[in-house]
Structures are given as structure tokens and as C-alpha cells.
There are 2 protein chains.
Amino acid sequence: MAAQFPSETPRAASPLFLREPEIRRGIELLYFGYSHLLRGIDEGLASQGLGRAHHRTLYFIARQPGLKVSDLLRLLGITKQSLGRVLGELTTRDLVETRTGEVDRRQRLLFLTPEGKALEAELFESLREKLSAAYAQAGQGSVAGFWQVLEGLIPAEERKRVAALQREG
Amino acid sequence: MAAQFPSETPRAASPLFLREPEIRRGIELLYFGYSHLLRGIDEGLASQGLGRAHHRTLYFIARQPGLKVSDLLRLLGITKQSLGRVLGELTTRDLVETRTGEVDRRQRLLFLTPEGKALEAELFESLREKLSAAYAQAGQGSVAGFWQVLEGLIPAEERKRVAALQREG
DNA sequence: GAAATTGGGCAGCCATGTTGACGTATCTTG
DNA sequence: CAAGATACGTCAACATGGCTGCCCAATTTC
């Protein structure tokens, strides 16, 4: 299951890249990298009076139009009360609309309005610029490694849900 | 500067790995991967009545013992009022202590107490387990790529500060 | 040595998460 | 068809972790 370990350090049980400095480096790069990626969209959000919670919601609805409230709750990992407030604000601003499910009329299916799509696209553009610059600078092979490590951080159960986003995108 | 691009798609200006699905994949893996990495320490923090903001503070003080409040402010990218509250709580709980700077007596130099070091070590252990499992599963080459991409997300100016953490670690 | 700069701190507000309890419409099942 | 389960919404109260505004003390500068 685990990768083969080079054994250049006979006195150590772990290869060099599993030692504390390399772990700390990963933690720090994740923290700073992710922070800077998101920092770019705050301005665009603030201009609409929205926050990051609203962005995450817009993002996933854009990704899976017609998803149910319960699907979104599982993806975001928050309570329905928290999501309810965010969804309410987005609906009031005509960025999100709900339609009653046809097979099960208790369900509310979530969609972006044209305005919502436009805002999501604008915010995505900021993320795209930063991440694609990082991808291009690092090269294709590095991007594959980047994905590999991050996938390993996600529990198997949830990895399915994340992979499902790709298929529908 | 940029890596060589394979040109399997002559009709596209960008290589495949710079297209929207690959960008969205990176965004999603970062979001879910980082979320799960951090989720593991919440329990340990809650048992002490602390939150993630406290952890970040403990982490960086552990990383650079004796750093100034202003150094920490730059690293965290928050306001000194926000940090002040966190530092106050950590000091009250005897996890952090400050010493007056010798060259400039306005400065407060930050250190972890033995209890603070023990807590930071415990929290780090949880992060280490998860990240080293992901590293091992992905392999050394993937880890290098992971670092490469994340570095590209950090503005050059700040990259220096992040790199400095490694030297002192 | 007065003024400006710098390091730090306190008070109070806002965004966004939490729990708990409850209401209502709809679907499912005995 | 009655009973229970499910999907969603909502009210109230509260915690965390950001923020701005204002203030004090120490140092540097002119």
C-alpha cells in the first residue's frame, strides 16, 4: 500500500521526506498557499456584501446545479442553520433560486440565477489566475503530485463525493 | 521560467492541465484536504477550551521561539487586536510567556512554556500522522510537486518569510 | 526636548460557525 | 389510512475569530 521507501538513512525508520521539517513545511505551505489563493476573492465578495461562506455555497451550486440542500450540507460540513442563513441571503439577492424536486417534492433543488452564475464566474476567474500561474510555473508533473498528496488527506468515504464533482463538472 | 508544455492539443492555447476542470479540481482538493487535516486537531483544542486561532499562534511561536508580536502579526496576517486576545488567553493559561526585548524594550518576545510546548507537540502529532500518511502514499516525487505548486501560490515577498521558518526550524 | 513613529493593548462590533427545540410538508410503510 | 420517517425551515441563544476606533508607552528623529 505505502510507496517504496529509499533507505539512505539506515539509522532512521522513516525516509527523509517524512521527517518533521518536511511535515512542517507542508503544513506551512498549505496554510500560506491556501490563504493567498482565497485572499484574492475577498474584495469581490465584499463589494456585494458577501463573505467566504457565500462563496463556498455559490461554488458548489455552480459545480452541481440542481443539487439538494442535504447534498450541500454534506459537502460543506456545516449545520443546516448556518447554511440556511447563507442560502437565504443569496436568495434575497437573486443569486440563487430553488425549485421543488419532481420525484420528491420535499426536496429543494438549488440553482444559480444568471446573476449568480456571473458572480461565481468572476470569483472563479480570480482563483483560476492564481492557481493556473502556480500550475504553469510548477509544471504538469508537479500538479499531479500536488493532487496525489491532497487526495491522501481526504478520507476514503468523502473522496468519492469529491471525485463525483469532477464527473459532473 | 515556465515548464515545457506538451502540445498534444494544437487547437488550445493552454495545456490540458491548465483548463477549468483541472483548476476546479485543485480548488476542491485544497479545500477538502486542508479541512480534513485541520479537523483532526479540533478535539484536542476544544479539550483545552481553545480554537484554531490559538493553534496557529502556538504553532508559529514553537517554530520561532522569541519572535516579536509584530513578526507574528505579519505571519498570521491579522490585526494586532485579534492577536492580542488570543495571546492573552494563551498567557492566562500559562501556555505562552513574553519577555521584554533587550535591545528595544517596547518589544515583547514570545515563548512557549513547557505546557505550551507539550500542547503544541500533541497537536503537531495529529497533523504529522495525517500528512505523513498522505506523503508516504503519494511518494517522494509527488511531495516535491505538492510543494512546488503551493510555493507558486505565495507572493514572492512573503515566500521569503515562509522560507525563513525552515531555516530556523 | 518636542514631535513623530513604533510596539502593544482595551472595548466593542460583525460574520459565521454552533446546539437545541420545534413546525410543516411529504413520502413510506404496516 | 394512520403512524412514523424524512427533507427542509426557523427561532433563540451562544462561541469563535475576524474587524475598527481609540489609547498608552517607548523609541527615534529633527
Side-chain angles (χ1 to χ4, degrees), chain A residues 31 34-35 38-39 41-61 66-93 96-111, chain B residues 31 34-35 38-39 41-61 66-93 96-111:
Chain A
Y31 172 68
Y34 194 51
S35 293
L38 292 186
R39 205 152 287 175
I41 64 172
D42 287 343
E43 194 182 337
L45 285 166
S47 74
Q48 312 272 329
L50 303 174
R52 288 185 181 180
H54 303 92
H55 175 243
R56 286 193 290 274
T57 298
L58 286 176
Y59 183 95
F60 286 117
I61 299 177
L67 89 172
K68 295 175 288 180
V69 170
S70 56
D71 293 336
L72 189 49
L73 281 174
R74 256 194 305 276
L75 279 171
L76 294 172
I78 62 176
T79 60
K80 64 178 173 178
Q81 291 81 351
S82 299
L83 179 58
R85 175 174 38 204
V86 170
L87 230 30
E89 288 162 353
L90 291 172
T91 303
T92 298
R93 284 170 173 72
V96 164
E97 64 184 11
T98 65
R99 300 178 205 159
T100 300
E102 295 184 359
V103 290
D104 185 338
R105 292 195 1 221
R106 292 171 302 180
Q107 298 175 345
R108 301 277 181 274
L109 308 185
L110 300 166
F111 296 87
Chain B
Y31 172 67
Y34 194 50
S35 292
L38 292 186
R39 203 152 289 174
I41 63 173
D42 287 342
E43 194 182 337
L45 285 166
S47 75
Q48 312 271 331
L50 303 175
R52 289 184 181 179
H54 302 93
H55 175 244
R56 286 193 290 274
T57 298
L58 285 176
Y59 183 95
F60 286 116
I61 299 176
L67 88 172
K68 296 175 287 181
V69 171
S70 57
D71 293 336
L72 189 49
L73 281 174
R74 257 194 303 278
L75 280 171
L76 294 173
I78 61 176
T79 61
K80 61 182 172 176
Q81 290 79 358
S82 299
L83 178 58
R85 174 176 40 204
V86 170
L87 276 178
E89 288 162 354
L90 291 172
T91 304
T92 298
R93 284 169 173 73
V96 164
E97 64 184 10
T98 64
R99 300 178 205 158
T100 299
E102 295 184 358
V103 288
D104 183 337
R105 287 186 14 216
R106 291 172 302 179
Q107 298 175 345
R108 303 276 182 275
L109 308 185
L110 301 166
F111 295 88

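In what follows, every chain begins at residue 1, and chains take the letters A, B, ... in the order their sequences are listed.
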Quiz item: [X] side-chain donor-acceptor pair to [N] base, under 3.5 Å:
X       : N      : value
B:Gln81 : C:dG9  : yes
B:Lys80 : C:dG7  : no
B:Arg52 : C:dG17 : no

- Message: Counting the atoms with a prime plus P, OP1 and OP2 as sugar-phosphate, which does B:Gly51 contact under 4.0 Å by heavy atoms, base, sugar-phosphate, or nothing?
- Response: sugar-phosphate

So, is [X] near the phosphate of [N], with a side-chain N or O under 4.0 Å from OP1 or OP2?
X        : N      : result
A:Arg56  : C:dA15 : no
A:Ser82  : C:dT16 : no
A:Ser70  : D:dC8  : yes
B:Arg106 : C:dT6  : no
B:His54  : D:dG17 : yes

- Message: So which atom in B:Arg99 and which in B:Glu97 form the shortest heavy-atom distance, rounded to 0.1 Å?
- Response: NH2-OE2, 3.6 Å

- For the residue pair A:His54 and A:Val86, what are the closest heavy atoms and their distance? CD2-CG1, 3.7 Å

Nearest whole Å is fine: how far is [N] [atom2] from [X] [atom1]?
X        : N      : atom1 : atom2 : answer
A:Leu83  : C:dT16 : CG    : C1'   : 12 Å
B:His55  : D:dG18 : NE2   : P     : 14 Å
A:Leu109 : D:dA7  : CG    : P     : 13 Å
A:Ile78  : D:dG9  : CD1   : C1'   : 15 Å
A:Asp104 : D:dT6  : CG    : C1'   : 8 Å
A:Gln107 : C:dA25 : CD    : C1'   : 13 Å
B:Arg99  : C:dG8  : CZ    : C1'   : 19 Å
A:Leu110 : D:dA7  : CG    : P     : 14 Å

- For the side chain of B:Arg85, starting at C-beta, report the closest nucleotide among C:dT19, C:dC13, D:dA7. C:dC13

- Query: At what distance, to the nearest 0.5 angstrom, does CG of A:Leu110 lie from OG1 of A:Thr91?
  - Reply: 8.0 Å

- Message: With rounding to the nearest 0.5 angstrom, report the OG1 to CD1 distance, A:Thr57 to A:Ile78.
- Response: 6.0 Å

- Select from A:Gly101 and A:Gly77 the residue whose nearest nucleotide in DNA chain C is closer to the 5' end of that strand. A:Gly77

- Query: Which residue, A:Thr79 or B:Gly84, contacts DNA chain C at a nucleotide closer to its 5' end, judged by nearest heavy atom?
  - Reply: B:Gly84

- Got a donor-acceptor contact below 3.5 angstrom from the B:Asp71 side chain to the B:Lys68 backbone? yes

